Protein chains: 2
Amino acid sequence: MSGKKAPWRSGCPINAALEIFGDRWSLLIIRDLMFRGRRTYREFLASEEGIATNILASRLKSLKASGIITTRPDPVDGRKQIYALTKKGLDLAPILVGFMEWASRYEKTSMPLTLLRRMKEEAGKLVEDVERQ
Amino acid sequence: MSGKKAPWRSGCPINAALEIFGDRWSLLIIRDLMFRGRRTYREFLASEEGIATNILASRLKSLKASGIITTRPDPVDGRKQIYALTKKGLDLAPILVGFMEWASRYEKTSMPLTLLRRMKEEAGKLVEDVERQ
DNA sequence: CAGGATCCGTTTCGATACTG
DNA sequence: CAGTATCGAAACGGATCCTG
């Protein structure tokens, strides 16, 4: 999780991914950044899942250490940090969409399929935008 | 994890998925079933990541409860149980492949890209096979 | 011997109170 | 408002025991 001690052999690439995502929260933070326009500590805290402050801080730290997000100070309010996805983080979009499609097919959720389709399209565009830069 | 207590609102389908995969082990078991032809308790134990017996048993139980795997007794050796993926479990193939592609791009792993491509093709065929039945 | 349950010491998580 | 300290709860690893 924190990417510190990894006693596993990393032969299978899934292990590398699980070291970052083998927990409940990291993917939710990425979802918030990717699809919900959240970019500050406070905005993440406000997500309906109710992450605890210490967990949020530790996950943000480990996501940053993994090169999935970056931070820069808010030019307006210097106290705030603005979090953003890197290219590496944006490239997770297909996986997030895959999870959502799978879960909407097999688990009961309240997300309408039209919204899901919109998110899928948007995810594609996000990645294209970054690749153009 | 065990899908028992879920104090979260399930508005976003990702939550449904994370309740099953928000841990280190479930996806590895699914990988073993999907790409490595493992199908018994003993074979899972032998995976290089070294899951503990109690953890393996609890994950198998929760994956079965989630309808992702099934069990049946081995017709040859009655002591053994044969585990297999359901359609719901096989439909996770694109996500597994997505994780592997992402991780091979950004994390150093020892899996050659040619093998990755083979697995990707195979994942597609697995799903087709089940859908034909 | 295969599958799996139980116990126990250790690590990690998470809710809340608290600090700069 | 962002982040840390505390401390109980849960998960983990490993050994051992149980059952067919």
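For the numbers below, each heavy atom of this structure counts, side chains included, while hydrogens, waters and symmetry mates do not. Not measured: the values here are computed from a predicted model. A, B, ... follow the sequence lines: proteins, then strands. Residue 1 opens every chain.
When atom types are taken as modelled, the side chain of B:T86 and the backbone of B:G67 share a donor-acceptor pair closer than 3.5 angstrom.
Counting to the nearest Å, the C1' atom of D:dA2 and the CD1 atom of A:I51 are 14 Å from each other. Rounded to whole angstrom, the span from the CG atom of A:L45 across to the C1' atom of D:dG3 amounts to 10 Å. In this entry the distance linking CD1 of A:I55 with P of D:dA9 reads 16 Å, nearest Å. Distance CZ (B:R24) to P (C:dT11): 14 Å, rounded to an integer number of Å. D:dC12 atom C1' lies 16 Å from atom CG of A:L18, rounded to whole Å. As a whole-Å value, the separation of A:L56 CG from D:dA5 P is 16 Å. What separates CG of B:D77 from P of C:dA2 is a distance of 8 Å, to the nearest Å. Between the P atom of D:dA2 and the CZ atom of A:R38 lies a distance of 13 Å, rounded to the nearest Å.
Close placement of the A:F21 and B:W102 rings is indicated, their centers lying within 6.0 Å of each other.
For the pair A:R31 and A:E49, the salt-bridge criterion is met [side-chain N within less than 4.0 Å of a carboxylate O]. A salt bridge links A:R59 with A:D23: the distance from a Lys NZ or Arg NE/NH1/NH2 to an Asp or Glu carboxylate oxygen falls below 4.0 Å.
The number of heavy atoms from other shown groups lying within 6.0 Å of NZ (B:K88) is above 12.
At least one side-chain nitrogen or oxygen of A:W25 sits closer than 4.0 Å to the OP1 or OP2 atom of C:dG14.
When each of D:dC12, D:dG14, C:dA15 is scored by its nearest atom to the side-chain atoms of B:A52, the top-ranked nucleotide is D:dG14.
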**Message:** The test is salt bridge (charged side-chain N to carboxylate O under 4.0 Å, His left out); show your working for B:E19 and A:R24 and say whether it passes.
**Reply:** CA-CA 8 Å; B:E19 229 175 281; A:R24 269 187 174 78; over 6 Å; no
Below 3.5 Å between N/O atoms, which protein atoms pair up with nucleotides 3-7 of chain C? Just atom names and distances, please.
unit_1	atom_1	unit_2	atom_2	d
C:dG3	OP1	B:Y41	N	3.4
C:dG3	OP2	B:R42	N	2.8
C:dG4	OP1	B:Y83	OH	3.3
C:dG4	OP2	B:Y83	OH	2.3
C:dG4	N7	B:Y41	OH	3.4
C:dA5	N6	B:T53	OG1	3.1

